[in-house]
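Every number for a ligand or one of its atoms is a count from 1 in the order of the listing.
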Amino acid sequence: MSLPDELLALAVETAREAGRMLVDKRPAGGPDVVQTKSSPTDVVTQMDRAAEALIIERIRAARPDDAFLGEEGGTRAGGSGVRWVVDPIDGTVNYLYDLPDWAVSIAAEVDGTAVAGAVEMPRRGETYTAARGGGALLHAAGGTRELRVNARVPLASALVATGFGYAADRRATQAQVLTGVLPNVRDIRRGGTCCVDLCSVAAGRLDAYYERGVQAWDIAAGALIVQEAGGRVEGLHGAAPGSELTIAAGEGTFEALHDLLAPLDPLRD
Ligand code: IPD
């Protein structure tokens, strides 16, 4: 088995175990908020922490020399050249409110490049996977299928997802940018979970996605899944995707959305 396939197998097994735990152990009255981060609505629950601890424990048991970057602080150095980028619950607010679209996102990088990614959506019964060079797959009750983005969708017909940060200033700017996007696309979706939006682009359930303010753990697995499904994931003017801006879409649609966003100055806050 190649290293990316080996890492992917571990990512999938671990994401599924964490996903099951998050469903089975979700307190009946909802999880407790144990911390807030960038704003009072940017929350961490005890379940985010428990899931990250489980993921790190499982991966360390299998690969003790690997490094980690975890949303909830599980960051540590390693000596193997492999780093795991982990969001134990992407879409924590959906999880808090018992909305179904949240996910466990685990990516493995080798020397800084993502080579394997798994996004587990327990409430949908779906697992999205990609190993670099091996395509992207959706595994669900009905079977496994290869993913392909929608390409060359004219912007006026494109269903575009976006998301909003937690800080008020950032949200005010994002609302202004949205007024420039909304009249030019089919419609907008705000699902609440970055990696779910990316997987939906990969699956052709959305034509495009853009957001400012997402972190490495939100996009690491999902971006690889979009790329392996034939799509582009970048920032403005060829920049790497990341917290400044992440745009994901198929060829043709990507360029059109990029050129619509650039003059709207989405980085100005
Ligand atoms: C958030 C979600 C959301 C996006 C936010 C992210 P979290 O991640 O991905 O869709 O709009 O920017 O911070 O905080 O739930 O892990």
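Screening residues 181-234 for ring pair (Phe, Tyr, Trp, His ring centres under 6.0 Å), with sequence neighbours left out, gives no hits. The ring pair (Phe, Tyr, Trp, His ring centres under 6.0 Å) contacts involving residues 235-269 comprise H237-H258, where partners must be two or more places apart or lie in separate chains.
Protein residues with any heavy atom under 4.0 Å from ligand 1: E71, D87, I89, D90, G91, T92, G163, F164, Y166, R190, G192, T193, C194, E211, D218.
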Which donor-acceptor pairs under 3.5 Å do the side chains of residues 76-84 make with protein atoms, sequence neighbours left out?
| unit_1 | atom_1 | unit_2 | atom_2 | d |
| --- | --- | --- | --- | --- |
| S80 | OG | D65 | O | 3.4 |
| S80 | OG | D66 | OD1 | 2.5 |
| S80 | OG | V82 | N | 3.2 |
| R83 | NE | E109 | OE1 | 3.0 |
| R83 | NH2 | E109 | OE1 | 3.2 |
| W84 | NE1 | D66 | OD2 | 2.8 |

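Side-chain contact, R212 with S243: no donor N or O sits under 3.5 Å from an acceptor N or O.
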Test log, rule side-chain contact (heavy atoms from CB on, under 4.5 Å), inputs L3 and V110: CA-CA 9 Å; L3 180 61; V110 175; 3.9 Å; yes

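Between D101 and R124, at least one side-chain nitrogen of the basic residue sits less than 4.0 Å from a carboxylate oxygen of the acidic one, meeting the salt-bridge criterion.
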